[in-house]
2 protein chains.
Amino acid sequence: MKAEAVRRSSQDKPADLVRAPGNVAHAGERRESKADQTTRDRRDSRWDEHRRQRREQLVQATLTAVGRHGAGVGMDEIAAEAGTSKTAVYRHFTDRTDLYVAVCERVAQQLLPKLRAAMESSHHPREMVADAINAYLAFLEADPEVYRFVVHGQNGHFGRDADPITSLSDLVGDQAAALMALTLEQAGRDPGAAGAWGHGVVGLVRSAADWWVRSERPMLRTELAAHLTDLAWAGLSGVVSPPPATSPAPPTSPAPPISPAPPISPAPPTSPAPPSKEDK
Amino acid sequence: MKAEAVRRSSQDKPADLVRAPGNVAHAGERRESKADQTTRDRRDSRWDEHRRQRREQLVQATLTAVGRHGAGVGMDEIAAEAGTSKTAVYRHFTDRTDLYVAVCERVAQQLLPKLRAAMESSHHPREMVADAINAYLAFLEADPEVYRFVVHGQNGHFGRDADPITSLSDLVGDQAAALMALTLEQAGRDPGAAGAWGHGVVGLVRSAADWWVRSERPMLRTELAAHLTDLAWAGLSGVVSPPPATSPAPPTSPAPPISPAPPISPAPPTSPAPPSKEDK
DNA sequence: GGCCGGTACCGACGGTATCAGGTACCGTCT
DNA sequence: AGACGGTACCTGATACCGTCGGTACCGGCC
């Protein structure tokens, strides 16, 4: 693996992630001899602080660039925003994904404390959930472009094998899961569900928020937050529990309670040969 | 949006005629793009069926290609899979996104009936939720690559303005929302939350499923389904309700499983510690 | 020699242009 | 009526462009 700039992304994945067309075949030719910092002398370590700062600054520039050019920024634009050129960026980040991950971490560092603070503002668990949801939505509204970059990053050129992408949602989900595990444990219950629950709740809020934005905010943010809190807190049981009367869901074969667009191309291949017998 | 503006875009005929008013505003759905539809004769309409078939076939080829090359297929590979070349594909789909949407619709046509069938297999609402979740997970496991293509499609090069991408998640979410609205209405309650709830629940399952796959399936699918059902049905209230003892989530004292960085500002110039490295 | 940074470039990929055919429909001329 | 040319679509293929992520190679600083 590369020598120095890596340190972050590729260290936990043993296998180098190759892409479909083998273009980056030169794996080990770079001097790996000193890869281990056992050999590090002052000549090298002297730069540590500078490197850290530079990375940080580049992350900051990325955020700015996202604000200026939208969530689809290019590396050139990011570099330009940082007052330098792509090469410099690539010296500090192995690839776009690496940068992306760093940005996510940075944003998470801002967001998570807010979430935590919001939750600490109350002692009633339900209020805590409500506050956290509200904080999330506030973050979205504060800078939609950054939000899109960070949660809908079309990063990670995935090829067939798992994608090691660490998006913001993952990070937040991990937090939620950890918190949930802790809570469950404290309660003496099996924390096995913590992972699923944590990521599930985060996904709940995320998807609903995305939908909300996509459909041009059909309701007030506070309303959305309230609805989501209801759902996250009480679950779907609330949909049908109050009125035990009618059977709640499509009993047998109701007209599909669908949005107005099922008829896209329903017709299975049953048709007379059109013009030419087959298609040439 | 593009949906149907097929091939008619840049075609200029000499000796042309009343190009009528340019109302390219994509009315409802089905084909209308033909601006001068007044002139539509059999020479044109005769191909309609063929066009429909061809689109369908290309969608099918895309699915196959995704299976063969992974979720990151290129247009060339798709075309090759269909036994033709890119140009032919672009004759029927305005761009990659158009194809993507069509694929999503196709998959949704397979998935939604399954979901509906699963839900109809029981009368107890909670079981219905459980079955739907299970069906979703089954779909994921049946063909992970297609799943990834369809829910994590890095399609739609969005630029600053809204992207009308219709991913599979959206479609399923719409269904869920519609169903929920119907249920709420039947119960005489305000269906305002339906949208948020429908998309929220779908997002819940999706995110949890993604996490599950990403972390290499740390539990049985049935277990995951059970956990998700618990969460979706009863919500988070179940996490803390049983034991009324300690306040449930004090993120303060115990080493929060958090990334160790409270400082958000750019460069805390102190610690020589290289970038924090949590666990990941 | 370590590191930094820049220019110029590669290669992949989405998408287009332009070629060279092929076939059913239409209006018209005979 | 039938023949005929034009029309309105199809099909395939090759070659190409623009963009963008990523790299080779160079010079300069310690």
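Numbers restart at 1 for each chain; the letters A, B, ... are given by sequence-line order, proteins then strands.
Electrostatic pairing of A:D143 and A:R148 does not count as a salt bridge here, judged by no charged N lying under 4.0 Å from a carboxylate O.
The salt bridge (charged side-chain N to carboxylate O under 4.0 Å, His left out) test applied to A:E77 returns no partner, not counting sequence neighbours. By the ring pair (Phe, Tyr, Trp, His ring centres under 6.0 Å) test, A:W211 is found to be paired with B:H199, residues two or more places apart in sequence or in another chain being considered. Listed by chain and number, the residues in a side-chain hydrogen bond (donor to acceptor under 3.5 Å, both in side chains) with B:Q60 are B:R106 (sequence neighbours excluded). Looking at residues two or more places apart in sequence or on another chain, you find a side chain to side chain contact (heavy atoms under 4.5 Å, CB included) between B:V202 and B:V172, B:A176. For the salt bridge (charged side-chain N to carboxylate O under 4.0 Å, His left out) test, residues two or more places apart in sequence or in another chain that qualify with A:D76 are A:K86. In this structure A:Q57 satisfies the side chain to side chain contact (heavy atoms under 4.5 Å, CB included) test together with A:R54, sequence neighbours excluded. Taking B:S169 as the reference, B:V151, B:S167, B:R206 meet the side chain to side chain contact (heavy atoms under 4.5 Å, CB included) condition, with sequence neighbours excluded.
Remark: P of C:dG5 and CG of A:D76 are 16 Å apart, rounded to the nearest angstrom. If you measure from atom CZ of A:R54 to atom P of C:dC3, you get 16 Å, rounded to the nearest angstrom. Atom pair A:L99:CG and D:dG22:C1' shows a separation of 13 Å (rounding to whole Å applied). The nearest whole Å value for the distance from the CG atom in A:L58 to the C1' atom in C:dC4 is 13 Å. As a whole-Å value, the separation of B:D98 CG from C:dG14 C1' is 14 Å. Rounding to whole angstrom units, CD of residue B:E77 and P of C:dA12 are separated by 12 Å. Distance CD (B:Q53) to P (D:dC10): 14 Å, rounded to an integer number of Å. Counting to the nearest Å, the P atom of C:dG11 and the CG atom of A:D95 are 19 Å from each other.
One cannot find a donor-acceptor pair under 3.5 Å joining the base of C:dG15 and the side-chain atoms of B:R96. Residue-to-nucleotide contacts include a donor-acceptor pair under 3.5 Å from the side chain of B:R91 to the base of D:dG12.
The line from CZ of B:R55 to CZ of B:R51 is 11.0 Å long, rounded to the nearest 0.5 Å.
Of the candidate nucleotides C:dC4, D:dG22, D:dT11, C:dC4 has the atom nearest to the side chain of A:H92. Of all nucleotides listed (D:dG22, C:dG15, C:dG5), D:dG22 comes nearest to the side chain of A:Y90.
Taking a 4.0 Å limit (strictly below) on heavy-atom distances, residues 81-89 of chain A reaches DNA chain C at A:T84, A:S85, A:T87, A:A88.
Looking at DNA chain C, the stems built from 3 or more consecutive Watson-Crick or G-U wobble pairs, each pair with its key distances under 3.5 Å, are C:1-30 with D:1-30.
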